[in-house]
S.K.: 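Once you've had a glance at the structure underneath, I'll fire off some questions.
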Amino acid sequence: MSGVVYVRDSKTVITSFPFLTAIIWQLIIIVLLLPSNLCLIFETVSKMEDKNVEFIPKNFPELKNDRLLRAALGKEVDKVPVWVMRQAGRYLPEFQEVRSKHDFFTVCRTPELACEVTLQPLRRYPHLDASIIFSDILVIPQALGMIVEMHPGVGPVFPSPLQDPSEIDNLKEEGAVDRLLYVGKAITLTRHRIEGKVPLIGFTGAPFTLMGYMIEGGGSKTMSKTKEWLEKYPKDVHKLLSLLTRVIIDYLIMQVESGAQLLQVFESSADHLNRDQFVEFSAPYLKDIRSGVKNKIDAKKLEQVPMTVFAKGGGPYLDVQTGLGYETVGLDWTVDPEEARKIVGDNITLQGNLDPQDLYKTPEEITKMTIDMVQKFGKKRYIANLGHGITPQTPLESMKAFTEAVHEAL
Ligand SMILES: Cc1c2[nH]c(c1CCC(=O)O)Cc1[nH]c(c(CCC(=O)O)c1C)Cc1[nH]c(c(CCC(=O)O)c1C)Cc1[nH]c(c(C)c1CCC(=O)O)C2
């Protein structure tokens, strides 16, 4: 007998057609669970869509606090904007918590983690008027094919630094920016999650500073190997600086396309250069980066973004920096604010410049020093910051005192 089901009773049916019965029971369960399954499916799809939306560089939440951008463009501000270089970093226990579970470059390469770390200082310090994407300047040498490790207590280490100019040709310029798209993803995700609270800053290292790390194999007090290259291989040095400039311009454009609203270029090794060396090996490439970004933004019909150059040790060359085309010039703590204003004039914004070591003083002393500093710079064309990155042992209450004092100063 096939295909005919006599339902004498459920037990008979079960014993006679176990397979068919199993299917019937499964159908019953599916039907009963269908509504909750459908909700689950819709919820999952919508969450996936949300996830996808968060990686689409458009329809960002409206900006609620534009002080930083107004100051960079010379517009009037209600209060002096403030942010801190390396504000997402090791002085924060919540950053240490993330780092206890993930390698440094894993945090940089994982948009969810980079975004979380970027947001941490904003949650703790409501007076901050900007965020800076969590990354590092050394992601560029990595994208060029060099190995960079982060050694605890030491900092960055290149196991195989450049030892001869002939090795410049081994650098993988083609596709470098594609290998940095994870930074763009982190920027886009952060733009959505910041919900317009403050602008998001993108950044890069400058050609000379990156070249120094690539030759020295890490941080260096003397940069002796790099200086030997400047003397012995100037043509090869310019070849490498030009390569880095091309990659940096395209990297910054990708950051803007991803949602960066201001860009900062870190020439952190400028303090190793005398004036002639700064004029030959740093300034032309900083200028090319500014004009290259501006021209490519125009060509792509993107919205222009203000740019900041920060040359640590660049105080003696402020006059040169004034001519590089940047809206904002960052100052380290060795430069007097009033002297700087005399040199740069009224059409450039200044940024800085409390000595990071002053954040080890008492909150009362920090408040007084910060108010003095802000009053020296004045409200117009000024962004308050430190004169270099915040250091890992900085007490949490110091950051609170600093950011609050900026907003109460004027
Ligand atoms: C020179 C330089 C580097 N990286 C950078 C610069 C230019 C800024 C400056 O001059 O301070 C840029 C940078 N690197 C980092 C930031 C913070 C970004 C942010 O606040 O969101 C920034 C702006 C994260 C970082 N970059 C690094 C850390 C600490 C490493 C860790 O977490 O183990 C962080 C939070 C590692 C790093 N990376 C680099 C050094 C010298 C070090 C060691 C110094 C240190 O240990 O603080 C290279």
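If you're wondering where the values come from, they're calculated on a predicted model, not measured in any experiment. Counting convention: from 1, in listed order, for ligands and their atoms alike.
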S.K.: Taking NZ, NE, NH1 and NH2 as the nitrogens, is one of them in D336 or R341 under 4.0 Å from a carboxylate oxygen of the other?
M.R.: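 No salt bridge links D336 with R341.
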S.K.: Looking only at side chains, do Y285 and H238 share a donor and an acceptor under 3.5 Å apart?
M.R.: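 Checked: Y285/H238 side chains pair up, N/O donor to acceptor below 3.5 Å.
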S.K.: Distance alone, cut at 3.5 Å: any donor-acceptor contact between the side chains of S398 and Y91?
M.R.: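 Checked: S398/Y91 side chains show no N/O donor-acceptor pair below 3.5 Å.
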S.K.: For T209 and E267, test the side chains for any donor-to-acceptor distance below 3.5 angstrom and give the result as yes or no.
M.R.: yes
S.K.: Would you say T110's side chain and E112's backbone share a donor-acceptor pair under 3.5 angstrom?
M.R.: no
S.K.: Quick one: ligand 1 N/O to protein N/O pairs below 3.5 Å?
M.R.:
| from | atom 1 | to | atom 2 | distance (Å) |
| --- | --- | --- | --- | --- |
| ligand 1 | 4 (N) | R86 | NH2 | 3.4 |
| ligand 1 | 4 (N) | D136 | OD1 | 3.3 |
| ligand 1 | 4 (N) | D136 | OD2 | 3.0 |
| ligand 1 | 10 (O) | S268 | OG | 2.6 |
| ligand 1 | 10 (O) | H388 | NE2 | 2.7 |
| ligand 1 | 11 (O) | R86 | NE | 2.7 |
| ligand 1 | 11 (O) | R86 | NH2 | 3.3 |
| ligand 1 | 11 (O) | H388 | NE2 | 3.0 |
| ligand 1 | 14 (N) | D136 | OD2 | 3.0 |
| ligand 1 | 20 (O) | Q87 | N | 3.2 |
| ligand 1 | 20 (O) | A88 | N | 3.0 |
| ligand 1 | 21 (O) | I132 | O | 2.9 |
| ligand 1 | 21 (O) | I133 | O | 3.4 |
| ligand 1 | 26 (N) | R86 | NH1 | 3.2 |
| ligand 1 | 26 (N) | D136 | OD2 | 2.7 |
| ligand 1 | 32 (O) | R99 | NE | 3.0 |
| ligand 1 | 33 (O) | R99 | NE | 3.4 |
| ligand 1 | 33 (O) | R99 | NH2 | 2.7 |
| ligand 1 | 38 (N) | D136 | OD2 | 2.7 |
| ligand 1 | 46 (O) | R90 | NH2 | 2.6 |
| ligand 1 | 47 (O) | R86 | NH1 | 3.4 |
| ligand 1 | 47 (O) | R90 | NH2 | 3.2 |

S.K.: Anything under 3.5 Å between a donor and an acceptor, one on a side chain of residues 403-410, the other on a protein residue two or more places apart or in another chain? List them.
M.R.:
| from | atom 1 | to | atom 2 | distance (Å) |
| --- | --- | --- | --- | --- |
| T403 | OG1 | M399 | O | 2.9 |
| T403 | OG1 | K400 | O | 3.2 |
| E404 | OE1 | K400 | NZ | 3.4 |
| E404 | OE2 | K400 | NZ | 3.0 |
| H407 | ND1 | H127 | ND1 | 3.0 |
| H407 | NE2 | V80 | O | 3.3 |
| H407 | NE2 | D129 | OD2 | 2.7 |

